[in-house]
Peer 1: 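Submitted below is the structure of interest, expressed as structure tokens.
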Amino acid sequence: MEKIRVRFAPSPTGYLHIGNARTALFNWLFARHYGGTFILRIEDTDTERHVDQAEGLIIQDLQWMGLDWDEGPDKGGPHGPYRQSDRLGIYQSYAQKLMEVGRAYHCYCTPEELETSRQKMLALGQTPRYDGRCLHLSSEQKKELEKEGRQPSVRFRTLGDPVLVNDLIRGEVSFEGQTIGDFIILRSDGRAAYNFAVVIDDIKMEITHVLRGEDHLSNTPRQVLIYQALGFDPPKFGHMPMILGPDRTRLSKRHGATSVISYREKGYLPEAINNYLALLGWSSPDEEEILPREKLVQNFTTDRISRSAAIFDLTKLNWMNGHYIREADPDRITNLCIPFLQEKGYLGVSPETVPRLREIVTSVQTKMSYLSQVTEHVDIYFEEDLSVENDSQSWLEMPESIAVIQALQEVIEDSTEQDLSDGHGLIKRVQKKSAQKGKNLYMPIRIALTGRTTGPELVSILSILGRDRCLRRIAHVLSLEKS
RNA sequence: GUCCCCAUCGUCUAGCCCGGUCAAGGACAUCGCCCUUUCACGGCGGUAACGGGGGUUCGAAUCCCCCUGGGGACGCCA
């Protein structure tokens with residue numbers, strides 16, 4: 001069997017988008033499953049939309065996701081260069097070849113002229129397509145147009161025959177030849193247009209499989225035509241279902257966070273992003289949903305990619321991320337939470353000055369869907385002035401509760417710091433002293449220490465807070481009662 | 001408008017290719033119960049879907065056609 005070679009070809013116009021991330025992931029999984037080669041190629045022929053930092057950001061995101069490539073602009077390889085802007089000469093020589101065999105020609109139309117003709121056809125209810133007016137220009141006419149200052153672009157010449165695309169996911173798809181107009185392969189400034197550059201690159205880089213979004217399906221016949229005109233076999237195509245927003249339109253900024261980096265910054269784990277994205281348009285043959293990356297690699301085949309578009313469901317991502325957080329090593333989670341705690345000002349000058357940081361974070365590890373939520377849960381350890389919430393208030397109106405809190409105060413006063421780390425023993429003593437048990441015992445303690453009816457386990461709170469802060473809070477709550 | 005793709009619970013999906021084992025399975029969400037000093041986690045259970053209409057067939061979620069609905073493409077963007 002031939003060695004599989006696939007590529008991910010982003011254009012550096014911004015952050016790595018969730019949809020592109022899934023494309024990258026599927027290609028990577030496919031390559032790794034079959035022991036093939038995964039190539040990163042930068043499609044930067046669009047100088048207008050080019051963003052300087054974008055390539056680096058995209059590379060960072062891919063690395064964060066753990067999608068490593070075997071050939072690419074940063075590491076080279078036998079089929080480089082891997083940036084389209086460095087390959088312009090290659091495209092031009094192939095365009096020249098097409099001109100020589102009569103499958104491409106100069107077009108002198110201006111973008112404005114093309115736009116008006118497009119509008120006209122649209123108004124007539126026709127498929128907008130180039131009318132071929134420059135195909136039969138004589139050399140005199142060309143000279144005239146060039147005198148006007150027009151720089152020609154190069155158009156591929158279509159023949160009107162239907163085009164068959166054999167798609168791994170969709171099966172045979174046929175396109176009417178008449179609906180495909182002659183399209184531009186080289187712009188008037190000499191840069192290659194997308195449909196041309198991809199084909200040339202995929203040929204030169206010996207790409208065997210092209211897995212991409214369904215939005216590219218209707219481009220495919222154009223590309224197939226180029227392969228045929230050049231005498232090459234097209235690679236195998238697989239057009240993956242789109243990812244849509246909750247309103248069933250293409251996922252975009254107005255649906256909220258759509259860049260990988262925004263999820264990273266909110267504290268999503270790469271394994272959760274990978275796992276969730278894998279399930280958008282693909283399912284495992286064993287029907288499992290929690291799939292670590294090795295399992296993903298092992299189970300991934302294109303025949304289990306679905307055909308219908310999928311809606312990006314943040315709720316399920318949150319569940320899955322929460323799952324991976326719970327499963328993760330506490331030290332790792334602690335480290336990942338530090339930036340959020342610092343930003344909130346909880347860590348002072350340096351994380352090391354906060355004792356028991358690990359216990360603090362792990363005491364709330366089961367409660368988070370994403371790591372930035374850590375601050376909402378650990379405020380009880382850091383905020384000095386804790387207000388008493390409404391539903392806690394009614395507990396404080398009961399004399400029994402106050403008695404428990406007073407008992408707690410006395411017990412802690414008689415305790416050492418060491419005793420505080422043995423919360424069970426300490427609470428037992430409060431129980432004896434106050435003669436309360438169950439909720440009536442624990443709720444007042446919780447409220448005295450945190451001002452709330454919900455939170456981490458009491459024993460963690462006791463030991464994390466320590467003797468002094470416990471006493472301060474108890475005194476505070478009791479003083480509220482008296483006033 | 002034209003071309004192309006798609007159509008199973010609210011959402012992601014299994015099943016469809018090779019029709020009967022599907023009174024349609026799982027997951028998220030939701031509801032209830034249990035566990036539990038609280039919340040969360042976890043466990044158990046419930047509600048919930050084959051878009052519509054025609055065929056073919058003894059039998060259709062599965063095959064065919066039409067309709068409807070959704071998406072994509074139609075650029076000197078990728």
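Throughout, protein chains are lettered first and strands after them, A, B, ... in sequence-line order, and every chain is numbered starting at 1.
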Peer 1: Contact class for Ile184(A) vs. all strands (heavy atom < 4.0 Å): base, sugar-phosphate, or nothing?
Peer 2: base
Peer 1: Give none if G1(B) has no partner; otherwise give the nucleotide forming a Watson-Crick or G-U wobble pair with it, both distances under 3.5 Å.
Peer 2: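 Check on G1(B): paired to C74(B), both distances under 3.5 Å.
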Peer 1: Could you give the distance separating U38(B) and A48(B) at their C1' atoms, to the nearest angstrom?
Peer 2: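 32 Å, rounded to whole Å.
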Peer 1: Check Leu211(A), Val210(A), Asp201(A) against Arg7(A) for a side-chain contact (heavy atoms from CB on, under 4.5 Å) and give me the one that passes.
Peer 2: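 Exactly one option meets the side-chain contact (heavy atoms from CB on, under 4.5 Å) with Arg7(A), and it is Val210(A).
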Peer 1: Using purine N1 to pyrimidine N3 plus N6-O4 or O6-N4 for Watson-Crick, or N1-O2 and O6-N3 for G-U wobble, both under 3.5 Å, which nucleotide pairs with G42(B)?
Peer 2: C34(B)
Peer 1: Using side-chain heavy atoms (C-beta onward) and a distance below 4.5 Å, is Leu279(A) in contact with Met320(A)?
Peer 2: yes
Peer 1: Quick one: label Arg446(A) by what it contacts on the DNA or RNA (base, sugar-phosphate, nothing), any heavy atom closer than 4.0 Å.
Peer 2: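 Since a base atom lies under 4.0 Å of Arg446(A), the category is base.
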Peer 1: To the nearest 0.5 Å, what is the distance between CD1 (Ile200(A)) and CD1 (Ile185(A))?
Peer 2: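 If we round to the nearest 0.5 Å, Ile200(A):CD1 and Ile185(A):CD1 are 8.0 Å apart.
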Peer 1: Can you confirm if the aromatic rings of Phe312(A) and His255(A) lie within a centre distance of less than 6.0 Å?
Peer 2: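 Centroid distance His255(A)-Phe312(A): not below 6.0 Å, so no.
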Peer 1: For the side chain of Thr315(A) and the base of C28(B), is some donor closer than 3.5 Å to an acceptor across the two?
Peer 2: no
Peer 1: Just call it for Arg250(A): base, sugar-phosphate, or nothing, with non-hydrogen atoms closer than 4.0 Å on any strand.
Peer 2: sugar-phosphate
Peer 1: Examine U13(B): is either OP1 or OP2 under 4.0 Å from a nitrogen or oxygen in the side chain of Arg304(A)? Give yes or no.
Peer 2: no
Peer 1: Look at the aromatic rings of His323(A) and Trp319(A) and report parallel, tilted or perpendicular, splitting at 30° and 60°.
Peer 2: tilted
Peer 1: Identify, between Leu458(A) and Arg222(A), the residue whose nearest nucleotide on RNA chain B lies closer to the 5' end.
Peer 2: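 Closer to the 5' end of RNA chain B: Leu458(A).
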Peer 1: Can you measure Phe312(A) atom CZ to U13(B) atom P for me and round it to whole angstrom units?
Peer 2: 13 Å
Peer 1: Can you tell me how far C1' in C17(B) sits from the matching atom in U62(B), rounded to whole Å?
Peer 2: 10 Å
Peer 1: So which nucleotide from U11(B), G71(B), C76(B) ends up closest to the side chain of Arg155(A)?
Peer 2: C76(B)
Peer 1: Is the phosphate of U37(B) approached by Arg452(A) (side-chain N or O, under 4.0 Å from OP1 or OP2)?
Peer 2: no
Peer 1: With rounding to the closest Å, how many angstrom separate the C1' atoms on G75(B) and U11(B)?
Peer 2: 35 Å
Peer 1: Would you please determine if the base of C28(B) is stacked by Trp319(A), with stacking meaning a centroid separation under 5.5 angstrom and planes under 30 degrees?
Peer 2: no
Peer 1: If you measure from the C1' atom in A14(B) to the same atom in C77(B), how many Å do you get, rounded?
Peer 2: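 Rounded to whole Å, the distance is 38 Å.
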Peer 1: Distance between the C1' atoms of A24(B) and C50(B), in whole angstroms?
Peer 2: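 After rounding to an integer number of Å, I get 8 Å for this pair.
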Peer 1: Within the 4.0 Å heavy-atom criterion, would you say Thr453(A) contacts the bases, only the backbone, or no part of the nucleic acid?
Peer 2: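 Base, at least one base heavy atom under 4.0 Å.
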Peer 1: Determine which nucleotide pairs with C28(B), using a 3.5 Å limit on both distances of a Watson-Crick or G-U wobble pair.
Peer 2: G10(B)
Peer 1: Could you measure between the two C1' atoms, the one in G71(B) and the one in U30(B), and give it in whole Å?
Peer 2: 28 Å
Peer 1: Using whole Å, what does the distance between atom C1' of nucleotide C5(B) and atom CZ of Phe237(A) come to?
Peer 2: 16 Å
Peer 1: Quick one: does Lys316(A) reach the base of A27(B) with a side-chain donor-acceptor pair under 3.5 Å?
Peer 2: yes
Peer 1: Scan Cys109(A) against the nucleic acid and name what it touches under 4.0 Å (heavy atoms): base, sugar-phosphate only, or nothing.
Peer 2: base
Peer 1: In residues 281-293 of chain A, what residues come within less than 4.0 Å of RNA chain B, judged by heavy atoms?
Peer 2: Gly281(A), Ser283(A), Glu287(A), Glu289(A)
Peer 1: For G72(B), does either OP1 or OP2 sit under 4.0 Å from a side-chain N or O belonging to Ser218(A)?
Peer 2: no
Peer 1: How many Å lie between CZ on Arg248(A) and P on G72(B), as a whole number?
Peer 2: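 Distance, rounded to whole Å: 11 Å.
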Peer 1: Base, sugar-phosphate, or nothing for Glu214(A), non-hydrogen atoms under 4.0 angstrom?
Peer 2: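 Glu214(A): base contact, heavy atoms under 4.0 Å.
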Peer 1: Specify the residues of residues 170-180 of chain A, ordered by number, for which at least one heavy atom lies under 4.0 angstrom from an atom of RNA chain B.
Peer 2: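 Going residue by residue through residues 170-180 of chain A, the ones with a heavy atom under 4.0 Å of RNA chain B turn out to be Arg170(A), Val173(A), Ser174(A), Phe175(A), Glu176(A), Thr179(A).
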Peer 1: Given A78(B), G72(B), U38(B), which nucleotide is nearest the side-chain atoms of Tyr194(A)?
Peer 2: A78(B)
Peer 1: Which whole-number value in Å describes the distance from Ile305(A) CD1 to C17(B) C1'?
Peer 2: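 Atom-to-atom, Ile305(A) to C17(B), this comes out as 16 Å.
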Peer 1: So what does Thr13(A) touch, heavy atoms closer than 4.0 Å: a base, only the sugar-phosphate, or nothing?
Peer 2: nothing
Peer 1: Taking all atoms of both residues into account, what is the closest heavy-atom pair of Glu172(A) and Leu164(A), and its distance?
Peer 2: OE1-CD1, 3.7 Å
Peer 1: Is the CD atom of Gln141(A) crowded by more than 12 outside heavy atoms at less than 6.0 Å?
Peer 2: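 Yes.
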Peer 1: Look at Arg191(A) together with Glu48(A) and state whether they make a salt bridge at an N to O cut-off of under 4.0 Å.
Peer 2: yes
Peer 1: So which atom in Arg473(A) and which in Ile380(A) form the shortest heavy-atom distance, rounded to 0.1 Å?
Peer 2: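 That closest heavy-atom pairing would be NH1-O, 2.6 Å.
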Peer 1: For G26(B) and G19(B), measure between their P atoms and round to the nearest Å.
Peer 2: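 It works out to 25 Å between them.
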Peer 1: Answer yes or no: side-chain N or O of Asn219(A) and base N or O of A78(B) forming a donor-acceptor pair under 3.5 Å.
Peer 2: yes
Peer 1: Across the strands shown, which category fits His216(A) at heavy-atom distances under 4.0 angstrom: base, sugar-phosphate, nothing?
Peer 2: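 Answer is base: heavy atoms of His216(A) come under 4.0 Å of a base.
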Peer 1: Compare every heavy atom of Leu186(A) with every heavy atom of Gln92(A), then report the nearest pair and how far apart it is.
Peer 2: CG-CD2, 4.0 Å
Peer 1: Compare side-chain N and O positions of Arg118(A) against OP1 and OP2 of G75(B) and report whether any pair is under 4.0 Å apart.
Peer 2: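 True: Arg118(A) side-chain N/O within range (under 4.0 Å) of G75(B) OP1/OP2.
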Peer 1: Rounded to whole Å, please give me the gap between CD1 in Ile169(A) and P in A7(B).
Peer 2: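 In whole Å, A7(B) P and Ile169(A) CD1 are 13 Å from each other.
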Peer 1: Mind checking whether Phe26(A) and His209(A) have ring centres under 6.0 Å apart?
Peer 2: no
Peer 1: Sticking with atom P, work out how far C5(B) lies from C65(B), rounded to a whole angstrom.
Peer 2: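 So the two P atoms sit 12 Å from each other.
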Peer 1: Is it the case that atom CD in Gln53(A) sees more than 12 heavy atoms from other parts of the structure closer than 6.0 Å?
Peer 2: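 No.
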Peer 1: Can you tell me the pairing partner of A61(B) across any strand shown, Watson-Crick or G-U wobble, with both distances under 3.5 angstrom?
Peer 2: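 When the pairing criteria are applied, nothing turns out to pair with A61(B), so the answer is none.
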Peer 1: If you take atom types as modelled and just measure distance, does the side chain of Ser11(A) reach the base of A78(B) with a donor-acceptor pair under 3.5 Å?
Peer 2: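 Under the 3.5 Å cut-off, the side chain and the base do not form any donor-acceptor pair.
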Peer 1: Could you check how far CG of Asn318(A) sits from C1' of A40(B), rounded to whole Å?
Peer 2: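 The distance from CG of Asn318(A) to C1' of A40(B) comes to 15 Å, rounded to the nearest Å.
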Peer 1: Map Met368(A) and Ser153(A) onto RNA chain B by nearest heavy atom, then report which one ends up closer to the 5' terminus.
Peer 2: Met368(A)
Peer 1: Considering only residues two or more places apart or on different chains, which pairs with a residue in residues 268-282 of chain A satisfy side chain to side chain donor-acceptor pair (under 3.5 Å)?
Peer 2: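 Listed by first then second residue: Tyr268(A)-Asn318(A), Glu271(A)-Arg332(A), Asn275(A)-Tyr324(A).
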Peer 1: Could you tell me how far apart Asn275(A) (CG) and U13(B) (P) are, to the nearest whole angstrom?
Peer 2: 14 Å
Peer 1: Calculate the interatomic distance between Arg22(A) atom CZ and C12(B) atom C1'; express it in whole Å.
Peer 2: 12 Å
Peer 1: Could you tell me which non-hydrogen atom of Ser392(A) sits nearest to which non-hydrogen atom of Arg452(A), and how far apart they are?
Peer 2: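 For Ser392(A) versus Arg452(A), the nearest heavy atoms are OG-CA, 3.4 Å.
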Peer 1: Using a 4.0 Å heavy-atom cut-off, does Pro241(A) contact any base of the nucleic acid, only the sugar-phosphate backbone, or nothing at all?
Peer 2: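 Contact class for Pro241(A): none.
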Peer 1: Using a 4.0 Å heavy-atom cut-off across all strands, classify Thr45(A) as base, sugar-phosphate, or nothing.
Peer 2: sugar-phosphate
